[in-house]
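Data first, discussion second: the structure below is written as structure tokens.
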Amino acid sequence: MNEQHYIVNGFKAGAVNAGLKKGNGADLALIFSERPAVAAGAFTTNRVKAAPVLLSMKHIARGRARAVVANAGNANACTGSRGLNDAAKTASETARMLKVDKAEVLVASTGVIGARLNMEAISAAIPDLARAISKKGIPEAARAIMTTDSFPKMSVFDGHAGGVPYRILGLAKGAGMIMPHMATMLCFILSDVMIDAAQLDRVLKECVEQTFNRITVDGDTSTNDMVVMMANGGAGNDPLTSQDAEEFRGGLTHVTGDLARMIVKDGEGATKLVEIRVKNAQSPQDASQGARTVANSSLVKTALYGQDPNWGRIMAALGRADIEMIESKVDIWIDEVQIVSGGQGVGVEAEKRAAEIMEGPEFAVTIDLHEGAHHDHILTCDLTHDYVSINADYRS
């Protein structure tokens, strides 16, 4: 895909190496809207919130933003008042270079929890960073925010409002500590569509709930998760009609869903991308909780890695999920192969066919509770030796 695909009217981006993370790659990124932009965000629900999350929540509350500055290599979490001062200093120094209000600068961080930022390095790098931004710089920013990610994550949607073309572009990082309940996950979305702040906030939160809040790698919700979106109106469209709004919602859902899927596929050490589907639950909460409990079960996830249709582990997870279920009603499939009927195994031959499906990189586990009419799903991945190795050595 050519670099023109990652350009959004009125936005610039770039990255520099500030020496904040292991290796020699860029680790400080900046995204800037040349025009005033409305903004909205969704943030971690972890009660332990990193300093940049607290600052960005405060700044974005006005529904406006012009820039996001993000560092990798250090989360600036559990750093107290000094950490908050460091986040604020990052915002103010960036604002000064860009000649905007410091309240229009959002700050994001990802990396090790509990260590202070190297503010000397960041302060020294910000002038070069401000000079490095360009309209072609989005891919550079996407690479700079990576930590344990194996590839940069970007997605684009091109839509029309009243016949006027606009673009939605999202970039994200995340591979471990992933269970967004607004995981470590950062996502920045840019658009040149003209939209009011209240509508943007409403649609973004709906899309986040249906995509980023339906994924898990390891069941851990980070201190630093954030999804922020800026829309600068550079497309010049008229106010969105109901039809335009529906297309915009669909486009944003495409971008967030695409990025969410990439994050799970890139789960630390992962070899399988698996959708856990729960059908016919008694309530929406039961459908969600049932799928989430199975998706986060270490025993289920290691069976996925071993390509073993060990349905007993799925039944055990359902049984502790605190949902309405009767064992003798439960049916389970691996893709189109049924391995459980009425709470009991279908047989060895069915399990052999299911195991063959599980050799592939992607498949679905479908669970029918036969308790009601509510459905939900969670995207998860397998749990491998490499996941343990990556996280055992994370700080070394």
Side-chain angles (χ1 to χ4, degrees), residues 11-34 37 49-60 65-149 152 171-173 184 186-188 190 222-224 226 228 230 394-396:
F11 284 96
K12 291 183 176 181
V16 296
N17 180 0
L20 302 174
K21 69 179 180 182
K22 292 183 288 186
N24 296 316
D27 50 21
L28 189 64
L30 176 62
I31 301 169
F32 175 58
S33 176
E34 298 175 290
K49 290 179 171 59
V53 169
L54 294 171
L55 183 76
S56 294
M57 290 175 70
K58 177 182 176 182
H59 284 188
I60 209 169
R66 292 285 299 275
V68 180
V69 58
N71 74 272
N74 187 310
N76 192 14
C78 301
T79 47
S81 59
R82 294 176 70 181
L84 285 169
N85 289 338
D86 289 343
K89 185 177 181 181
T90 301
S92 61
E93 291 185 358
T94 302
R96 185 170 64 253
M97 292 301 303
L98 297 175
K99 296 181 172 55
V100 298
D101 187 330
K102 64 183 179 181
E104 295 181 302
V105 178
L106 309 178
V107 180
S109 299
T110 180
V112 175
I113 294 171
R116 283 201 66 198
L117 282 173
N118 182 343
M119 282 307 300
E120 287 186 8
I122 290 177
S123 294
I126 284 175
D128 289 338
L129 179 62
R131 289 189 288 267
I133 59 174
S134 73
K135 65 180 182 178
K136 298 180 179 180
I138 293 294
E140 295 175 19
R143 285 188 289 271
I145 60 176
M146 293 166 54
T147 50
T148 57
D149 305 64
L171 58 151
K173 67 84 52 182
T184 305
L186 301 178
C187 177
F188 312 124
L190 320 173
S222 168
T223 56
N224 288 62
M226 68 170 68
V228 297
M230 294 185 290
Y394 187 63
R395 296 206 305 172
S396 59

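Scope of the values below: all heavy atoms of this structure, side chains included, with no hydrogens, waters or symmetry mates. Sequence positions, counted from 1, serve as the residue numbers for this chain.
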Main-chain N/O of [Y] paired to [X] side chain as donor or acceptor, under 3.5 Å:
{"X": "E140", "Y": "G137", "answer": "no"}
{"X": "S33", "Y": "R66", "answer": "no"}
{"X": "H59", "Y": "V105", "answer": "yes"}
{"X": "S123", "Y": "E120", "answer": "no"}

Looking at every non-hydrogen atom in both residues, tell me the closest pair between [X] and [Y] and how far apart they are.
{"X": "A70", "Y": "I145", "answer": "CB-CG2, 3.9 Å"}
{"X": "A115", "Y": "T79", "answer": "O-CG2, 3.5 Å"}
{"X": "N71", "Y": "S109", "answer": "OD1-OG, 2.6 Å"}
{"X": "A108", "Y": "M226", "answer": "CB-SD, 3.7 Å"}
{"X": "A67", "Y": "L30", "answer": "CB-CD1, 4.2 Å"}
{"X": "F11", "Y": "E34", "answer": "N-OE1, 4.3 Å"}

**OP:** Give the C-alpha distance, both sets of side-chain angles, the deciding distance and a yes or no for side chain to side chain contact (heavy atoms under 4.5 Å, CB included) between T90 and L55.
**Re:** CA-CA 11 Å; T90 301; L55 183 76; over 6 Å; no
Within this structure, what is the [atom1]-[atom2] distance for the pair [X] and [Y], rounded to the nearest 0.5 Å?
{"X": "M146", "Y": "R143", "atom1": "CE", "atom2": "CZ", "value": "9.0 Å"}
{"X": "N76", "Y": "L117", "atom1": "CG", "atom2": "CG", "value": "4.0 Å"}
{"X": "N74", "Y": "N118", "atom1": "CG", "atom2": "CG", "value": "9.0 Å"}
{"X": "K102", "Y": "E93", "atom1": "NZ", "atom2": "CD", "value": "11.5 Å"}
{"X": "D27", "Y": "K21", "atom1": "CG", "atom2": "NZ", "value": "6.0 Å"}
{"X": "L106", "Y": "I31", "atom1": "CG", "atom2": "CD1", "value": "10.0 Å"}

Original post:
Going through the checks in order, is the side chain to side chain contact (heavy atoms under 4.5 Å, CB included) test met by L98 and I133?
Top reply: CA-CA 11 Å; L98 297 175; I133 59 174; 4.2 Å; yes
Original post:
Side-chain donor-acceptor pair under 3.5 Å between K173 and T147, yes or no?
Top reply: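 K173 vs T147: donor-acceptor pair found between side chains.
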Subject >> Salt bridge flag under 4.0 Å for residues R131 and D128 >> reply: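 Looking at D128 together with R131, the answer is yes, because their closest N to O distance falls below 4.0 Å.
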Original post:
Which is it for V53 and T223 under the side chain to side chain contact (heavy atoms under 4.5 Å, CB included) test, yes or no, and what are the steps along the way?
Top reply: CA-CA 8 Å; V53 169; T223 56; over 6 Å; no
Original post:
Below 4.5 Å, heavy atoms only, C-beta onward: do I138 and L190 meet side chain to side chain?
Top reply: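 Yes. Closest side-chain heavy atoms under 4.5 Å.
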**OP:** Side-chain contact test, heavy atoms from C-beta onward, threshold under 4.5 Å: evaluate it for P52 versus N224 and give yes or no.
**Re:**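 Result yes, sub-4.5 Å side-chain heavy-atom pair found.
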Original post:
Going through the checks in order, is the side chain to side chain contact (heavy atoms under 4.5 Å, CB included) test met by K89 and N85?
Top reply: CA-CA 6 Å; K89 185 177 181 181; N85 289 338; over 6 Å; no
Subject >> R116, CZ: over 12 other non-hydrogen atoms inside 6.0 angstrom >> reply: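 Enclosed.
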